[in-house]
Amino acid sequence: MKILISADMEGATGVTWPADVLPGTPQWERCRSMFTSDVNAAALGFFDGGADEVLVNEAHWTMRNLLLEQLDERVQMLTGRHKSLSMVEGVQHGDVDAIAFVGYHAGAGAEGVLAHTYLANSITGVWLNDVRASEGLLNAHVVAEYGVPVILVTGDDVACEDALGYAPGALKVAVKDHVSRYAAVCRTPARTAADIRAAAKEAVSLAGRQDPVAGGPYTVAVEFDAEHLAMAATVVPGVERIGERKVAYTSGTMFEGIRTFKAVTTVVSSAVEEQYG
């Protein structure tokens with residue numbers, strides 16, 4: 001049995017502030033160990049529950065944040081950019097029995113610690129078929145096309161609530177409680193590691209490939225904080241403006257949908273000016 005872990009950092013133990021997740025800062029260096037602890041705890045729990053393989057896909061920023069030397073020797077890690085399916089790379093090869101979203105967070109425009117969707121700022125909301133979408137919801141629809149269930153979600157309490165909408169049967173572990181976008185009541189790494197490991201062990205019982213979901217078409221709408229970003233996004237084929245600061249596109253599958261979304265965010269990132277956005 002093979003479990004894939006999609007590892008993001010904003011929802012990791014102890015993380016509450018932009019510098020905690022910004023590569024190169026002293027705070028990021030400190031928080032990398034707590035992030036790695038969360039991921040390793042999930043892997044250990046999966047092995048405890050009977051998994052044969054655990055592959056960790058780095059999903060935060062440069063995708064070079066986890067400390068490989070602090071992971072269990074049985075774990076394999078996919079690190080670095082650029083990848084066809086970005087945050088859920090690896091799910092498409094037909095050998096993954098389940099996936100865990102570790103260190104996840106709420107989406108842009110919602111309450112939650114460091115809430116955002118792909119871009120740290122600039123995007124103020126994303127909707128999938130008129131439902132406000134987090135990265136978790138988007139990625140859950142991608143992996144469903146490959147018949148892979150989401151069996152574990154960790155993050156702040158808001159991220160766990162969000163997961164009820166896209167993975168109601170998955171185990172959830174809150175490592176901190178949201179106070180504001182940049183504040184949380186945090187549990188210690190020792191406690192969160194124990195909680196995550198226990199939940200992961202139990203979650204293995206939920207693993208097992210399912211029938212692929214063909215749920216398209218999917219319409220994705222993206223709202224930005226400035227009108228010129230909406231204009232910039234229309235460079236991507238199929239993306240059209242539906243408002244002053246909002247664009248939308250429709251894809252037949254979420255494989256296509258998430259790749260178009262990545263193209264939109266890449267183009268928009270290049271259009272953001274240093275001070276004025």
Side-chain angles (χ1 to χ4, degrees), residues 5-43 56-71 75 77-81 86-87 100-124 126 134-136 138-139 152-163 172-197 199 225 265 269 272 274-275 277:
I5 297 176
S6 172
D8 204 0
M9 194 171 183
E10 285 87 359
T13 295
V15 167
T16 63
W17 184 248
D20 293 344
V21 296
L22 185 61
T25 67
Q27 276 297 101
W28 170 75
E29 287 287 0
R30 170 178 170 266
C31 290
R32 293 175 75 190
S33 288
M34 292 189 283
F35 179 31
T36 304
S37 174
D38 287 2
V39 171
N40 196 53
V56 176
N57 178 39
E58 276 241 34
H60 175 69
W61 207 287
T62 59
M63 301 183 179
R64 298 181 184 277
N65 308 275
L66 290 168
L67 298 169
L68 179 64
E69 60 272 24
Q70 293 183 14
L71 294 175
V75 174
M77 184 170 73
L78 172 56
T79 184
R81 303 161 71 190
S86 191
M87 297 183 76
F101 294 166
V102 174
Y104 269 49
H105 50 81
E111 290 188 350
V113 178
L114 294 172
H116 69 285
T117 306
Y118 269 63
L119 300 184
N121 50 38
S122 303
I123 291 178
T124 55
V126 178
S134 62
E135 292 168 7
L138 294 173
N139 290 335
L152 175 69
V153 179
T154 78
D156 70 357
D157 57 329
V158 180
C160 291
E161 282 184 34
D162 178 57
K172 286 90 175 173
V173 179
V175 302
K176 56 199 171 191
D177 295 328
H178 162 264
V179 173
S180 73
R181 195 177 189 215
Y182 302 128
V185 177
C186 297
R187 298 138 177 72
T188 65
R191 178 178 169 185
T192 58
D195 290 346
I196 292 170
R197 184 169 183 171
D225 63 1
T265 57
S269 293
V272 174
E274 186 173 352
Q275 297 297 328

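Remember, predicted model here, so these are calculated numbers, not experimental data.
The line from CH2 of W61 to CG of L22 is 5.0 Å long, rounded to the nearest 0.5 Å. In this structure, H105 NE2 and S134 OG are separated by 8.0 Å, a value rounded to the nearest 0.5 Å. Interatomic distance, E58 CD to L78 CG, rounded to the nearest 0.5 Å: 8.5 Å. Between S37 atom OG and L66 atom CG the span is 11.0 Å, to the nearest 0.5 Å. The line from CG of D38 to SG of C31 is 10.5 Å long, rounded to the nearest 0.5 Å.
Annotation: cation-pi geometry not satisfied between R30 and W28 (NZ/CZ under 6.0 angstrom from ring centroid, within 45° of ring axis).
More than 12 heavy atoms of other residues, nucleotides or ligands lie within 6.0 Å of CD in E69, so this atom counts as buried by the packing criterion.
For D225, there are no salt bridge (charged side-chain N to carboxylate O under 4.0 Å, His left out) partners, not counting sequence neighbours. Checked against salt bridge (charged side-chain N to carboxylate O under 4.0 Å, His left out), R181 has no partners two or more places apart in sequence or in another chain. Applying the ring pair (Phe, Tyr, Trp, His ring centres under 6.0 Å) rule to W17 yields the partners Y182; only residues at least two apart in sequence or on another chain are considered. Applying the side-chain contact (heavy atoms from CB on, under 4.5 Å) rule to R64 yields the partners T62, T79; only residues at least two apart in sequence or on another chain are considered. Remark: D20 pairs with no residue by the salt bridge (charged side-chain N to carboxylate O under 4.0 Å, His left out) rule, at least two apart or across chains.
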Q: Start with the C-alpha gap between Y104 and D156, add the side-chain angles, then the distance that decides, and say whether side chain to side chain donor-acceptor pair (under 3.5 Å) holds.
A: CA-CA 8 Å; Y104 269 49; D156 70 357; over 6 Å; no

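The two residues G14 and C186 come nearest to each other via the heavy atoms CA-SG, 3.9 Å. Considering all non-hydrogen atoms of both residues, V173 and A199 come closest at CG2-CB, 3.4 Å. Counting all heavy atoms, side chain and backbone alike, K176 lies closest to A12 at NZ-O, 2.7 Å. In plain terms, the two heavy atoms of S86 and N57 that are nearest each other are O-ND2, 2.9 Å.
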Can you give each donor-acceptor pair under 3.5 Å made by side-chain atoms of residues 107-122, sequence neighbours left out, with the distance rounded to 0.1 Å?
unit_1	atom_1	unit_2	atom_2	d
H116	ND1	L114	O	2.8
T117	OG1	A108	N	2.9

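With hydrogens and angles ignored, the 3.5 Å screen pairs no side-chain donor or acceptor of T13 with any backbone N or O of P189. Checked by atom type and distance alone, the side chain of D162 never pairs as donor or acceptor with a backbone atom of A106 at under 3.5 Å.
Of the residues N40, V175, V39, the one that meets the side chain to side chain contact (heavy atoms under 4.5 Å, CB included) test with I196 is V175.
A salt bridge links D177 with R187: at least one charged nitrogen is closer than 4.0 Å to a carboxylate oxygen.
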